[in-house]
Colleague: 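Handing you a structure now.
Positions are given from 1, in the same order as the sequence printed here.
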Amino acid sequence: MKANEELTGTVDRSQAGTPLPAVTVTDPSGTTLDLSKAVGKPVLLNLWATWCAPCVAEMPLLDELAAERADTLRVLTVSEDMKGPELVVPFFKEKKFANLPQWMDQANDLAFGMGGGASLPLTVLYDAEGKEVWRVIGGFDWASDQAREMLDEAAPPADG
């Protein structure tokens with residue numbers, strides 16, 4: 001199966017305005033991040049797992065996006081793999097992702113709290129105040145013009 005066949009996600013705006021969830025994620029070194037405090041610039045929150053084909057297909061695109069928009073967008077990837085670092089660390093090493101964080105939610109609190117559950121990947125754009133703009137359920141082509149236009153929706157209004 002070609003990667004672009006995995007990138008058929010749908011955009012959902014029904015939960016616009018919902019705040020970033022107050023869930024704490026952990027990285028392999030034990031550092032924690034309270035997602036509700038990740039404000040100040042727009043956040044693209046991606047829930048994924050190593051066993052999820054569309055997740056794996058879109059990860060290189062998210063890595064490129066994180067590098068491209070480092071000054072204006074925070075890309076947070078959160079693994080829902082229950083084995084956590086045992087799977088996430090080798091996956092990142094093999095794929096050589098240089099721009100994505102290795103946050104983990106081994107208890108799947110975040111996925112279920114966001115209505116994700118078994119529907120991965122789930123990617124949500126939040127504005128700089130931490131309010132949801134839209135979400136994409138399923139894999140998505142983050143290098144597409146459509147993705148770029150959608151991401152611009154979280155940009156702060158131009159002064160004038």
Side-chain angles (χ1 to χ4, degrees), residues 3-27 31-81 88 97 99-160:
N4 61 352
E5 292 175 13
E6 299 288 350
L7 303 177
T8 58
T10 56
V11 179
D12 176 3
R13 297 175 185 273
S14 67
Q15 297 187 53
T18 304
L20 265 161
V23 172
T24 299
V25 293
T26 308
D27 76 4
T31 301
T32 60
L33 171 67
D34 176 349
L35 292 175
S36 67
K37 306 265 190 282
V39 295
K41 70 177 171 180
V43 171
L44 187 67
L45 177 63
N46 172 263
L47 279 60
W48 70 282
T50 57
W51 48 261
C52 164
C55 300
V56 172
E58 73 177 1
M59 290 292 279
L61 300 171
L62 287 167
D63 191 52
E64 290 172 19
L65 181 67
E68 266 175 42
R69 296 213 176 187
D71 294 337
T72 58
L73 179 70
R74 185 173 184 183
V75 178
L76 298 178
T77 49
V78 180
S79 168
E80 295 299 315
D81 285 289
V88 173
F97 296 135
N99 306 295
L100 297 177
Q102 297 182 37
W103 296 114
M104 297 169 292
D105 172 37
Q106 289 175 259
N108 288 188
D109 293 335
L110 186 56
F112 289 110
M114 295 178 68
S119 298
L120 293 177
L122 174 63
T123 308
V124 185
L125 179 67
Y126 293 92
D127 64 19
E129 286 77 45
K131 301 292 185 202
E132 183 169 330
V133 178
W134 48 254
R135 60 180 56 200
V136 174
I137 302 156
F140 199 71
D141 182 356
W142 297 106
S144 69
D145 290 340
Q146 178 188 9
R148 298 300 193 262
E149 290 169 15
M150 289 170 43
L151 289 166
D152 288 342
E153 292 178 38
D159 291 335

Colleague: Rounded to the nearest 0.5 Å, how far does OG of Ser36 lie from OH of Tyr126?
Modeller: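 Going from OH on Tyr126 over to OG on Ser36, the span is 10.5 Å.
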Colleague: Using the side chain to side chain contact (heavy atoms under 4.5 Å, CB included) definition, which of the options Glu132, Arg135, Met114 pairs with Leu45?
Modeller: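 Single pass found, and it is Met114.
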Colleague: Taking C-beta and beyond as the side chain, do Leu61 and Leu7 meet within less than 4.5 Å on heavy atoms?
Modeller: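 With C-beta onward as the side chain, the pair touches.
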Colleague: Is any side-chain heavy atom of Leu44 less than 4.5 Å from a side-chain heavy atom of Leu151?
Modeller: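 Yes - at least one pair of side-chain heavy atoms lies under 4.5 Å apart.
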Colleague: Hey, could you give me the CG/CG distance between Asn99 and Leu65, rounded to the nearest 0.5 Å?
Modeller: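 Reported value, rounded in 0.5 Å steps: 10.0 Å.
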Colleague: Measure the shortest side-chain to side-chain distance between Gln106 and Asp81 over non-hydrogen atoms and say whether it is less than 4.5 angstrom.
Modeller: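 Heavy-atom side-chain distance check fails, nothing below 4.5 Å.
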Colleague: Would you mind reporting whether Trp51 and Val56 have side-chain heavy atoms less than 4.5 Å apart?
Modeller: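 When only atoms from C-beta onward are counted, Trp51 and Val56 do not touch, as no gap falls below 4.5 Å.
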Colleague: Walk me through whether Thr31 and Thr26 qualify under side-chain contact (heavy atoms from CB on, under 4.5 Å).
Modeller: CA-CA 6 Å; Thr31 301; Thr26 308; over 6 Å; no
Colleague: Between Val11 and Trp134, which heavy-atom pair has the shortest distance, and what is it?
Modeller: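 Looking at all heavy atoms of both residues, the closest pair is CG1-CB, 4.2 Å.
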Colleague: Are Asp127 and Pro42 packed together at the side-chain level, in the sense that at least one heavy-atom pair is separated by less than 4.5 angstrom?
Modeller: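 No - every pair of side-chain heavy atoms lies 4.5 Å or more apart.
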Colleague: Would Asp12 and Ile137 count as a side-chain contact (heavy atoms from CB on, under 4.5 Å) if you check the C-alpha gap in whole Å, the side-chain angles of each, and the deciding distance to 0.1 Å?
Modeller: CA-CA 7 Å; Asp12 176 3; Ile137 302 156; 4.1 Å; yes
Colleague: With side chains defined as the heavy atoms from C-beta onward, is the minimum distance between Leu73 and Val43 less than 4.5 Å?
Modeller: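 Side-chain contact under 4.5 Å: no.
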Colleague: Does any donor atom in the side chain of Gln102 or Asp27 lie under 3.5 Å from an acceptor atom in the other side chain?
Modeller: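 Per modelled atom types, Gln102 and Asp27 side chains form no pair under 3.5 Å.
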Colleague: For the CG atom of Asn46 and the CD atom of Glu58, what is their distance to the nearest 0.5 Å?
Modeller: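 Atom-to-atom, Asn46:CG and Glu58:CD are 5.0 Å apart.
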Colleague: Go through the steps to decide whether Leu120 and Trp48 satisfy the test side-chain contact (heavy atoms from CB on, under 4.5 Å), and finish with yes or no.
Modeller: CA-CA 6 Å; Leu120 293 177; Trp48 70 282; 5.9 Å; no
Colleague: Go through Trp142 and Thr123 one step at a time and tell me if the side-chain contact (heavy atoms from CB on, under 4.5 Å) criterion holds.
Modeller: CA-CA 11 Å; Trp142 297 106; Thr123 308; 3.5 Å; yes
Colleague: Rounded to the nearest 0.5 Å, what separation is found between the CD atom of Glu64 and the CZ atom of Phe97?
Modeller: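 These two atoms lie 10.0 Å from each other.
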Colleague: Any side-chain heavy atom of Trp103 within less than 4.5 Å of one from Ser79?
Modeller: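 No, every pair of side-chain atoms sits at 4.5 Å or beyond.
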Colleague: Would you call Lys41-Glu129 a salt bridge at under 4.0 Å N-O?
Modeller: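 Result for this pair is no, no salt bridge flagged.
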Colleague: For the residue pair Ala111 and Asp105, what are the closest heavy atoms and their distance?
Modeller: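 For Ala111 and Asp105, the tightest heavy-atom pair comes out as N-OD2, 3.6 Å.
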Colleague: Measuring only between side-chain heavy atoms, which start at C-beta, is Asp109 closer than 4.5 Å to Val25?
Modeller: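 The answer is no; the side chains never approach within 4.5 Å.
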Colleague: Looking only at heavy atoms, what is the nearest atom pair of Pro21 and Asp34, with distance?
Modeller: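 Minimum heavy-atom separation between Pro21 and Asp34: O-OD1, 4.5 Å.
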Colleague: Of all heavy-atom pairs between Leu125 and Met150, which one has the smallest distance, and what is that distance?
Modeller: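 Scanning both residues completely, I find the closest heavy atoms to be CD2-O, 3.7 Å.
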Colleague: Under the rule for salt bridge (charged side-chain N to carboxylate O under 4.0 Å, His left out), what residues qualify as partners of Glu68, not counting sequence neighbours?
Modeller: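 Scan of Glu68 (salt bridge (charged side-chain N to carboxylate O under 4.0 Å, His left out), adjacent residues dropped) gives Arg148.
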Colleague: Once you round to the nearest 0.5 Å, how far does CE of Met59 lie from OG1 of Thr77?
Modeller: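 OG1 of Thr77 is found 4.5 Å from CE of Met59.
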